[in-house]
Amino acid sequence: MKSIAIIHFQPIEKYPPITNLLDYLAKENTEQKVYVFTNNFPLGFKAYQPKNNKIIIKRCGNINSPSTIKRIANYLFFYLCTFFKLIVIKPSSVLYYETLSVLPAFLYKKIKKKLNLFIHYHEYTSTEEYQTNSAIVKWLHKQEQKLYKQATWISHTNKSRLEMFLKDESITYNKSKHQLMPNYPPKNWITKNSTTIANSDVTKFIYIGSLGLDTMYLKELAQFVISKEGKIILDIYTNQFNSEAVSYIKDLNTKHINILGSVAYDDIPFMIKNGNYQVGLIIYNGHIKNYIYNAPNKLFEYLACSLNVWYPHIMVGCQAYKNTTSFPLIFEVDFNNINTYYNQFMSISKNEIANTPSNFYYESVYTNIASVL
């Protein structure tokens, strides 16, 4: 029986797109075993449970140690452990995610010349960022650059990121090799409920995701919410944050902004429905190209749950999805002048406009890679 290996150095629990792919493969792939090599998941995350016994999770280390020496040792252990298990398993295809995962695939490719090698990037890393990164990431990237011509598949989450990657690496676009694999939620998340705003006394906003001060419009958003004196309630769900961001919100001492901890990925639709939220927020301030040219997971997850979405005008990657003619609205906001945009948004929401359920779901995406893995 043929087998597939997926190498994902970061704990898969932190990246819903990889667990979504595994769920899809569990449902659609009835012949091949899929071995997944990853690290142990951190505190605050629920262990991913495969949907059938053909998805086999191998945890080869722990990257959460505060000790630099232990972290370096874990790198070595993960790479060697994964490499030797590849030799034993003998997969016909290997898919690795991000530069940190490349080494076992690189070594195994030297042994199995006819290996079908697949590469996917959750994020875009510019040439300048690679140059200023850690020594190990710079070295790993030099190794993976040797694989680009040999790879069967190289994908990014959107067209802009793929184009920047190809330009950085001086690679000519190949339609059969260079692919897009956006981060969509499951089809069963999609609801057809209209999102009522105009008739509500209070508009409930929700933000789900990592939280920071320097990379997000958190201060601008918080001050705007406070200025509305109860007309807006903001709930924040996060299990990845810096202490400065949390301290800033707590020091505001306002009952209109709540930090509510984490929510399991599969529970998001239920939580949004029960919370009666109306607007989902994306608040990156575009401090690097990766975030400027980004249509993040949350855009499509909010839409699937019939939430209207606010995204910052700096995020070029979201602009293709802008929609002010039907619910849910996908609304561009200048977070340095939120009130003006809020008034425009509320004015649009009073119109009798159609409700158009989202058509962004991963089942429409993963058929491509599943057919060639």
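Residues take their numbers from the sequence shown, with the count starting at 1.
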Self-check item: Sub-4.5 Å side-chain heavy-atom contact between T340 and D334
Solution: no
Practice problem: Check for a donor-acceptor pair, side chain of N351 on one end and backbone N or O of I353 on the other, with a separation under 3.5 Å. | Solution: no
Quiz item: Which pair of heavy atoms, one from A5 and one from L86, lies closest together, and at what distance?
Solution: CB-CD2, 3.5 Å
Quiz prompt | Residue pairs passing the salt bridge (charged side-chain N to carboxylate O under 4.0 Å, His left out) test where at least one lies in residues 116-142, sequence neighbours excluded | solution = E123-R161
Quiz item: Under 6.0 Å between the ring centres of Y277 and Y302?
Solution: no
Quiz item: Going by side-chain heavy atoms closer than 4.5 Å, which hydrophobic residues are tied to I190, directly or by a chain of links?
Solution: Y361
Practice problem: May I ask you to decide if V137's main-chain N or O and H141's side chain share a donor-acceptor pair within less than 3.5 Å? | Solution: no
Exercise. Using atom types as modelled and distance alone, determine if a side-chain donor or acceptor of D168 lies under 3.5 Å from a backbone N or O of S126.
Key: no
Practice problem: Say whether, by atom type as modelled, one donor and one acceptor occur between the side chain of H8 and the main chain of Q10 under 3.5 angstrom. | Solution: yes
Quiz item: Same cluster or not: are I69 and L76 linked, directly or through other Ile, Leu, Val, Met, Phe, Trp or Tyr residues, by side-chain heavy atoms under 4.5 angstrom apart?
Solution: no
Quiz item: Would a line drawn from the ring center of Y362 to the ring center of Y184 be shorter than 6.0 Å?
Solution: no
Exercise. Output yes when a side-chain donor or acceptor of E144 lies under 3.5 Å from a complementary backbone atom of L140, and no otherwise.
Key: no
Quiz item: Looking at I232 and K228, what are the two nearest heavy atoms and their distance?
Solution: CD1-CG, 3.8 Å
Self-check item: Side-chain donor/acceptor of N308 to backbone N/O of L329, under 3.5 Å
Solution: yes
Quiz item: Would one find more than 12 heavy atoms of other residues, nucleotides or ligands at under 6.0 Å from atom OH of Y293?
Solution: no
Self-check item: Qualifying salt bridge (charged side-chain N to carboxylate O under 4.0 Å, His left out) pairs, either residue in residues 299-316, two or more places apart
Solution: K298-E301
Quiz item: Counting only heavy atoms not in N274, do more than 12 fall under 6.0 Å of its CG?
Solution: yes
Self-check item: N/O donor-acceptor pair under 3.5 Å between N258 side chain and L260 backbone
Solution: no
Quiz item: Going hydrophobic residue to hydrophobic residue with side-chain gaps under 4.5 angstrom, can you get from V279 over to V202?
Solution: no
Quiz prompt | Flag for Q143-K146: side-chain donor and acceptor within less than 3.5 Å | solution = yes
Self-check item: ring-ring contact (aromatic ring centres under 6.0 Å, His included) partner of Y265, the single match among F45, W189, Y15, Y237
Solution: W189
Quiz item: If only atom types and distance count, is the side chain of K109 paired as donor or acceptor with the main-chain N or O of K113 below 3.5 Å?
Solution: yes
Practice problem: Please report the C-alpha distance between F78 and F9 in whole Å, then the side-chain angles of each, then the deciding distance to 0.1 Å, and finally whether the ring pair (Phe, Tyr, Trp, His ring centres under 6.0 Å) criterion is met. | Solution: CA-CA 8 Å; F78 178 88; F9 181 85; 5.0 Å; yes
Quiz item: Do other residues, nucleotides or ligands put more than 12 heavy atoms under 6.0 Å from K58 NZ?
Solution: no
Practice problem: Answer with yes or no after comparing the ring centroid distance for F165 and Y148 against a 6.0 Å cut-off, counting only values under it. | Solution: yes
Exercise. Could you tell me how the ring of Y291 sits relative to the ring of Y284: parallel (under 30°), tilted (30 to 60°) or perpendicular (over 60°)?
Key: tilted
Exercise. Using the six-membered ring wherever Trp is involved, compare the ring planes of F37 and Y35 and label them parallel, tilted or perpendicular (cut-offs 30° and 60°).
Key: parallel
Exercise. Assess whether ring pair (Phe, Tyr, Trp, His ring centres under 6.0 Å) is satisfied between Y48 and F41, documenting all intermediate values.
Key: CA-CA 9 Å; Y48 171 72; F41 57 92; over 10 Å; no
Quiz item: For G61 and N39, which heavy atoms make the closest approach, and how far apart are they?
Solution: C-OD1, 2.9 Å
Quiz item: Would Y121 and E98 count as having a side-chain donor-acceptor pair, cut-off 3.5 Å?
Solution: no
Quiz item: When clusters are formed by joining ILVMFWY residues with side-chain heavy atoms under 4.5 Å apart, either directly or through shared neighbours, do I233 and V263 land in the same one?
Solution: no
Quiz item: Going hydrophobic residue to hydrophobic residue with side-chain gaps under 4.5 angstrom, can you get from F106 over to L80?
Solution: yes
Self-check item: Ring centre gap for W310 and Y341 strictly below 6.0 Å
Solution: no
Practice problem: Please name the pair of heavy atoms, one in C305 and one in P269, separated by the smallest distance, quoted to 0.1 Å. | Solution: SG-CA, 3.7 Å
Quiz item: Can you name the nearest heavy-atom pair linking S3 to I89, along with the distance?
Solution: OG-CG2, 3.4 Å
Quiz item: What closest approach, in Å, do S227 and F224 show between heavy atoms, and which atom pair accounts for it?
Solution: OG-O, 2.6 Å
Practice problem: Using modelled atom types only, decide if a donor and an acceptor are shared between the side chain of E229 and the backbone of I226 within a distance under 3.5 Å. | Solution: no
Quiz item: Can you pull the salt bridge (charged side-chain N to carboxylate O under 4.0 Å, His left out) pairs that have at least one residue in residues 238-266, sequence neighbours excluded?
Solution: none
Self-check item: S326 backbone acceptor or donor facing N323 side chain under 3.5 Å
Solution: yes
Practice problem: Would you sort out whether K204 and L234 count as a side chain to side chain contact (heavy atoms under 4.5 Å, CB included), showing the intermediate values? | Solution: CA-CA 6 Å; K204 294 191 69 176; L234 168 61; over 6 Å; no
Identify every side-chain donor-acceptor pair in residues 206-221 under 3.5 Å, counting partners at least two apart or on other chains, and give the distances.
from : atom 1 : to   : atom 2 : distance (Å)
Y207 : OH     : S210 : O      : 2.5

Quiz item: Partners of Y108 by ring pair (Phe, Tyr, Trp, His ring centres under 6.0 Å), sequence neighbours excluded?
Solution: none
